[in-house]
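Proteins come first, then strands; the chains are lettered A, B, ... in the order of their sequence lines, and each starts at number 1.
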Amino acid sequence: MICVNQYHTHFCSEVSESDIGNQVRVAGWVENIRDHGGIQFLDLRDHYGVVQVVVYNEAMLANVNRQCCITVEGTVILRSEDTINPKIATGTIEIKTNTLTVLGKAPSSLPFEIDNSTNTKEDVRLKYRFLDLRNPKVHKNIVLRSQVISFLRNKMSELGFLDIQTPILSASSPEGARDYLIPSRKHHGKFYALPQAPQIFKQLLMVSGFDRYFQVAPCFRDEDARADRSPGEFYQLDFEMAFATQEDVLTVAEEVISETFKRFSDKKVSNAPFPRIPYAEAMLYYGTDKPDLRNPLKIVDITEIFATTDFAPFKNKTIRAINVPDCASKPKSFFENMLKYATEELEMMGLGYIKVTEQMEFLGPINKFIPDNQRENLIEKAKLVPGCVLYFIADEPMVAAKLAGQIRSELGRRLNLIDNSEFKMCFVVDFPMFEIDEETGAYIFTHNPFSMPQGGLQALLEQEPAEILAYQYDIVCNGVELSSGAVRNHELSTMIKAFEIAGYTEDNLKESFSALYHAFQYGPPPHAGMAPGIDRMIMLLTEEESIREVIPFPMNSNAQDLLLGAPTEITEQQMREVHIKIR
RNA sequence: GGCCUAGUAGUUCAGUUGGUUAGAACGCCAGCCUGUCACGCUGGAGGUCGACGGUUCGAGCCCGUUCUAGGUCGCCA
């Protein structure tokens, strides 16, 4: 693979015992210099690896600093037994330098230690990202990213999907995130927008008769960053299938996702088929729509046990409970700390619990509020066994569900119940189509106005909107939402009705989504798709906590590119051309 | 926009109750060193303690304002 030229005959990683006695040339960056007086050792690193270079003439190192770029010509020699370095792949040999040429100088003082760059303040790293990326650990993440994307592309092609590019300069969409806008020069006062996702275009491709589409799609959203959310732009494996059901999409997704995770990780990965968990069950058992299935704890609803209670915190509340096995013997501090977490972090009024003794007696202040005629029922419902602890969470229905979910996660963390050596996947399905806006009391789309309601037009006509489910699904890995997708609503009449429920007229629809509205009059096929987030996948594979660790040139959390300085000011002339004035 | 945390040497950090000349490690510079691989040894340079204002005899430390960064809530159909 190497291109033999004046710079190198071998990559640093390639020089081996089979080259002993031969003249070789290697090129790379000086990682370290150890000067012993009369003899100097250089660690020379390129993209592929590291090799030790020996210099017997100090004058050769006149302009050589760490991280400068050099090429070295020399003889490969075997290291003596006692000087072998088992820590590096080329540790049995070294290169005795004949000539050393500096190809690119570097200053003697660097902004940070390359080896340790990941511990440096992020703004400094990002300003010198080109140096940060020389850190083997950071470098490796980008290599992995490339390999994962290449694997995904091959896999999708293998499954018959066509890689089709959709426009980057596109139109602003009325729903969803804030758009990145680009002023038009030729059309005074008008703007392009960068796509938040290729949603409309991929649906149009389905109408165009392409059966299976995919794209490693850049998506742009002008929203604030999070540790796992890049500001500005991110990549999705966007795909869509014509004449497809929800199951068809899930089958493709679980094959692609499980194979990718297996290929690029040593961890145990869920085999297909992944569990399909209805949204309502996810909220009940896990208290979240992105359950971490590595956590064995499950939430149970015991509202009926306390139906007649006078205990004020439980009265007329939804009550959820979490059975924690082998927990009764935990020290007092464990329970105190959990209470502290509940009251301080979650702002709960309290966190009741009972301990179950060997004799199946209940200990704890909540005990006296459990009606005697419900004790057997509670044991059965919550599957109580000797030595377990049952935590109680009482509140309004949705609040109780979410708090129970947070308590469940925290218990999992504190009790080390999470097996970090596996990737556990699931699909969360059957999301509700509509929800009630807390401020206005009106129905709004829960997720996506393009989803097909389960039961179609008839359901929209006959059912209570809050009861209607959508063919809408998420893929979740270890509690991280990897993507969402849906069977799309391709029937204009159904779409009109759905928009009507959400308070929009047919004219609104026609105006906001004119392309779809127009195209769907010309024989749209049923279609469905999904868009797993590629950056998130790579984060999971590399176990990085920040998405910026897996993006070559990320923006900082304030949406600035510290290398190029974006966003930058532009000239008066540029502004005039696009008819923009800054106030 | 709200909240939390942080900001001290090039980097990572320590800095006691407010009290002498603000320290350490790594890096850098000079010297010594022919087998190191986190080389070693000796010496040295390097600081607007984020900024501004206040309290005080005296502020890195206390108070106020502000800026920057990271996290988080809102937001992300």
Using a cut-off of 4.0 Å on non-hydrogen atoms, how would the nucleic acid contact of [X] be classed: base, sugar-phosphate, or nothing?
X	value
A:Asn32	sugar-phosphate
A:Pro449	base
A:Asn556	sugar-phosphate
A:Ile84	base
A:Asp224	base
A:Asn558	sugar-phosphate
A:Leu110	sugar-phosphate

Do A:Arg229 and A:Asp224 sit within salt-bridge range, that is, some charged N less than 4.0 Å from a carboxylate O?
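Salt bridge absent between A:Arg229 and A:Asp224.
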
What distance separates A:Ile114 CD1 from A:Thr120 OG1, expressed to the nearest 0.5 Å?
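Spacing of CD1 (A:Ile114) from OG1 (A:Thr120) equals 8.5 Å.
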
Which is more 5' along RNA chain B, the nucleotide nearest A:Arg229 or the one nearest A:Gly91? Just name the residue.
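This one resolves to A:Gly91.
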
When you get a sec, tell me which of [options] is the closest nucleotide to the side chain of [X]?
X	options	result
A:Arg34	B:rG35, B:rC29, B:rC39	B:rC39
A:Gln52	B:rG71, B:rU34, B:rU36	B:rU36
A:Arg548	B:rC37, B:rG70, B:rC26	B:rG70
A:Arg226	B:rA38, B:rC73, B:rG71	B:rC73

Roughly how many Å apart are [M] and [N], using the [atom1] atom of each and rounding to a whole number?
N	M	atom1	answer
B:rG53	B:rG47	P	22 Å
B:rG15	B:rU55	P	29 Å
B:rA22	B:rC49	C1'	8 Å

Heavy-atom closest pair, residues A:Met537 and A:Pro532
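Heavy-atom minimum between the residues: CE-CB, 3.9 Å.
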
Can you check whether A:Phe41 stacks with the B:rU36 base, using ring centres under 5.5 Å and planes within 30°?
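Base of B:rU36: stacked against A:Phe41.
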
Does the structure show A:His36 stacking with B:rU36, if we require the centres to be closer than 5.5 Å and the planes to be within less than 30 degrees of parallel?
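By the stated criterion, A:His36 and B:rU36 do not stack.
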
